[in-house]
Amino acid sequence: MLFDSSIRKELARSFGAILVVLVTVVMTMMLIRTLGQASRGSVSPSDVMLVMGFTVLGQLPTILSLSLFVAIVGTLSRMYRDSEMVIWFASGRGLASLLRPLLRFAWPVMLSVALLALLVWPWANQQIQALKFQYEQRSDIDRIAPGEFQESANGQRVFFIDKDSSVEGSFAHNVFIATNEPRGETTTSARSARIEVRNGERFVVLNDGQRLEFSATQPGLKLSEFSEYATRIGVAPSSAPDDSSVKTRSTAQLLARASPLDKAELGWRMGLALAAFNFVLLALALASVNPRAGRSTNMAVALFAFIVYYNLLTLGQSWVGVGKIALVPFLFLLHGGTLALCAVLVTMRHRQWSLRQWLRTRSAA
């Protein structure tokens, strides 16, 4: 029908434009955040784009839900302002008749949100954690970059080598090592250094340097010079990434476990899928606008409702995680209550019920 096709075409244009804008904004924010992590040494600089991509992929359920919500509110509000809704209502089309074309347009988006929340979200978190683990488990030698001060894996040593050195060649010039241990602090400098493997352990052999020691238990400094000095570099353990984070567990694993944290994460993922459907009804209920009122009033109210709903979803996740409420009652109260409220609002607008009119009629009676 002309009524259905015209609404779906306008929704598609609006949804596409809003999605591009939101993805661009989120990618910019995630890029800044990932660059900050790389500067702190949590993420490899070469993996910044990968970490950012996986992070944005994990945020897509929220982005898609918000894009769908804003697209429906914006489209229906424009139809109200341009008096198109009056024409459709005069032809016998009520507000509830809009639900069918809206759901026909929104069901692929809602299905995508469900798949992303239940399947892609834990996979993206696993990839991010694997990249961080791989970078953090490098050996101390692998961390050294010529011309830069680099901290060791355990945070007890700081290395520096000359810019003209080549770490890949296992040889360096003008080496500086500062060590901070409970027994004291040492500062070692050498003209050159090389890497050797002795009995399965890696050593840095320093040549022509000096060592300054400060003991935490004895006063004074100890200065010594050497022609050759070897210090062992601890090798990172070859263990697997820690999968204790509930965000990295698959939905099937969460269903098989019974801890409150697992239930909270499961409620969050299921809540994103259920909220996508409620946002369609909520947008239909809040899209009504007075042409004489401001253009952004109803959009501000709609965005406020979205923020409140999303924050309640996050709050419910924390409550389930600490055991204040069970998972099933939480899902029923939040999402079932929102569905019932939206159904009441849509019914009132469809039948043109007004609380003010009802009060006037009651007072007159």
Side-chain angles (χ1 to χ4, degrees), residues 19 22-23 26-27 29-30 33-34 37 42-44 47-68 106-137 236-279 309-336 338:
L19 181 61
L22 290 180
V23 169
V26 173
M27 287 184 64
M29 297 175 59
M30 293 299 105
R33 177 183 176 184
T34 308
Q37 294 177 351
S42 300
V43 178
S44 173
D47 295 335
V48 168
M49 299 305 296
L50 282 175
V51 174
M52 183 196 68
F54 288 130
T55 305
V56 174
L57 189 62
Q59 299 297 327
L60 271 183
T62 304
I63 297 174
L64 289 175
S65 299
L66 180 58
S67 300
L68 179 64
W107 76 263
V109 180
M110 293 187 293
L111 180 61
S112 301
V113 170
L115 293 177
L116 287 170
L118 297 176
L119 301 178
V120 179
W121 163 257
W123 176 80
N125 290 327
Q126 291 175 5
Q127 301 304 313
I128 295 174
Q129 188 175 20
L131 290 174
K132 291 183 177 180
F133 176 83
Q134 182 180 1
Y135 184 68
E136 291 174 355
Q137 296 303 311
S238 57
S239 58
D242 183 15
D243 60 349
S244 60
S245 176
V246 293
K247 294 183 179 180
T248 61
R249 295 172 187 165
S250 64
T251 304
Q253 292 176 340
L254 295 179
L255 290 172
R257 302 169 69 97
S259 66
L261 292 178
D262 294 304
K263 292 182 179 180
E265 179 65 18
L266 181 62
W268 166 260
R269 298 179 190 179
M270 296 177 61
L272 290 177
L274 296 175
F277 176 77
N278 285 340
F279 282 138
Y309 193 178
Y310 194 82
N311 287 335
L312 287 176
L313 185 61
T314 306
L315 180 62
Q317 180 188 13
S318 63
W319 282 359
V320 174
V322 298
K324 287 186 177 181
I325 187 174
L327 176 60
V328 175
F330 161 68
L331 295 176
F332 179 78
L333 290 176
L334 178 58
H335 304 289
T338 304

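Being a predicted model, the structure only gives us computed values, none of them experimental.
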If you take all heavy atoms of [X] and [Y], which pair is closest and at what distance?
X	Y	answer
P260	G321	CB-O, 3.3 Å
L327	K263	CD1-O, 3.6 Å
L116	P61	CB-CG, 3.6 Å
S67	L22	OG-CD1, 3.2 Å
V113	A276	CG1-CB, 4.2 Å

Distance in Å, [X] [atom1] paired with [Y] [atom2], rounded so as to fall on 0.5 Å steps:
X	Y	atom1	atom2	value
R249	L266	CZ	CG	12.0 Å
I63	M27	CD1	CE	9.5 Å
D262	Q253	CG	CD	9.0 Å
W319	L334	CH2	CG	10.5 Å
L64	L272	CG	CG	11.0 Å
L261	S318	CG	OG	11.0 Å

[Y] and [X], any side-chain heavy atoms less than 4.5 Å apart:
X	Y	result
Q127	V51	no
F54	N125	no
H335	Y309	yes
L115	V120	no
Y310	L66	no

Mark yes or no for whether [X], through its side chain, and [Y], through its backbone, hold a donor-acceptor pair below 3.5 Å.
X	Y	result
S65	T62	no
Q317	W268	no
T251	L118	yes
Q129	Q126	no

* Option from L274, N278, L312 for which side chain to side chain contact (heavy atoms under 4.5 Å, CB included) with T338 holds -> N278
* **Pair W121-E265, side-chain donor/acceptor within less than 3.5 Å** =>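 There is such a pair (donor and acceptor under 3.5 Å, judged by atom type) between the side chains of W121 and E265.
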